[in-house]
Amino acid sequence: MRILLAGDHCLDRWIIGDTPRASPEGPYMVFTPLSSGSNAGMGGNVEANLRSLAPDAQVTVLFPEAVTTKTRYVDRKSNYHLLRVDEDAKSPPLSAARFIDALEADRPDLVLISDYAKGHLTPDNMGAILLLCENRDIPTAVDTKGILGPWSRPATVVKINQVEFEAQLLAGIKPWMEFKNLVVTNGGELVIIYQNGSETPI
């Protein structure tokens with residue numbers, strides 16, 4: 001199986017340490033680093049999951065050149081996240097030419113869109129991708145933090161979480177009526193699938 005993944009990408013870093021005492025300089029703790037690590041986040045995490053679940057699949061990624069970094073400082077004893085420092089990288093939107101080149105070269109069986117609203121993907125270029133795939137009978141799946149609309153209707157499957165679902169309602173959108181297949185997740189809780197407007201909890 002050939003999969004083409006377009007998405008945002010980041011590096012998730014964590015620094016684990018102790019907080020042995022309060023600082024005499026102000027109302028905060030002193031942090032002593034002990035160890036650190038990192039892995040791919042956002043679309044990079046999707047890629048890692050794909051390669052784990054389908055090791056024989058050919059996965060091609062269209063990620064931005066500049067990578068956002070998220071660094072979390074974690075207390076070793078409690079596992080409590082004390083602080084997160086984000087270094088957002090700005091990249092131009094994914095161009096139609098780059099996507100079409102990948103589509104022609106790889107001839108994917110499935111196109112995935114992983115949008116974290118960092119600017120690499122926009123309603124305009126995601127809509128163009130979905131229409132192009134629809135015209136070529138290529139199934140598509142979209143996971144987005146953005147507001148759904150006409151741009152997203154050609155998608156085969158749309159996945160959002162409960163918070164994003166509620167944001168759609170506030171924007172006046174009834175997402176269960178808009179898509180053939182809508183998946184709404186809520187952390188480790190119930191997953192709801194809407195097919196042609198009908199609800200199926202699992």
Membership question, hydrophobic clusters at under 4.5 Å side-chain separation (ILVMFWY): are [Y] and [X] in the same one?
| X | Y | value |
| --- | --- | --- |
| V184 | M177 | yes |
| V46 | L62 | no |
| I173 | I192 | no |
| V142 | L112 | no |
| Y194 | I160 | yes |

I'd like to check [X] versus [Y] (side-chain heavy atoms, cut-off strictly below 4.5 Å). Are they in contact?
| X | Y | value |
| --- | --- | --- |
| D109 | I138 | no |
| W14 | Y73 | no |
| P175 | L169 | yes |

[atom1] of [X] to [atom2] of [Y]: how many Å apart, nearest 0.5 Å?
| X | Y | atom1 | atom2 | result |
| --- | --- | --- | --- | --- |
| T19 | K77 | OG1 | NZ | 7.5 Å |
| T122 | L94 | OG1 | CG | 8.5 Å |
| N79 | I16 | CG | CD1 | 7.0 Å |
| K174 | L182 | NZ | CG | 14.5 Å |
| L121 | I113 | CG | CD1 | 6.5 Å |
| R76 | I15 | CZ | CD1 | 15.5 Å |

Is a salt bridge present between [X] and [Y], judged by a nitrogen-to-oxygen distance below 4.0 Å?
| X | Y | answer |
| --- | --- | --- |
| R2 | D106 | no |
| D88 | K118 | yes |
| R84 | D86 | yes |
| K70 | D12 | no |

Does any donor atom in the side chain of [X] or [Y] lie under 3.5 Å from an acceptor atom in the other side chain?
| X | Y | answer |
| --- | --- | --- |
| Q162 | E166 | yes |
| N49 | S52 | no |
| T71 | R13 | yes |

Provide the closest heavy-atom pair for [X] versus [Y] in the form atom of the first, atom of the second, distance.
| X | Y | result |
| --- | --- | --- |
| Y116 | D8 | N-OD2, 2.7 Å |
| D143 | K159 | OD1-O, 3.2 Å |
| I3 | A57 | CD1-CB, 4.2 Å |
| V59 | R51 | O-NH2, 3.1 Å |
| L11 | V67 | N-CG1, 3.6 Å |
| F63 | G7 | CD2-O, 3.3 Å |

Side chains of residues 130-137: which donor-acceptor partners sit under 3.5 Å, not counting sequence neighbours?
from: N135; atom 1: ND2; to: L131; atom 2: O; distance (Å): 3.3
from: R136; atom 1: NH1; to: E104; atom 2: OE2; distance (Å): 3.1
from: R136; atom 1: NH2; to: E104; atom 2: OE2; distance (Å): 2.9

Using a 3.5 Å distance criterion without hydrogens, assess whether the side chain of [X] forms a donor-acceptor pair with backbone atoms of [Y].
| X | Y | answer |
| --- | --- | --- |
| N161 | V163 | yes |
| Q168 | G146 | yes |
| N125 | H120 | yes |

### Task
Pick out which of V111, V157, L110 makes a side chain to side chain contact (heavy atoms under 4.5 Å, CB included) with P139.
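Checked V111, V157, L110 against P139; only one passes side chain to side chain contact (heavy atoms under 4.5 Å, CB included): L110.
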### Query
Got more than 12 heavy atoms from elsewhere within 6.0 Å of CZ, R98?
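Yes, enclosed.
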Pair up each side-chain donor or acceptor in residues 23-37 with any protein partner under 3.5 Å, not counting sequence neighbours, and list the distances.
from: S23; atom 1: OG; to: E25; atom 2: N; distance (Å): 3.0
from: E25; atom 1: OE1; to: Y28; atom 2: OH; distance (Å): 3.4

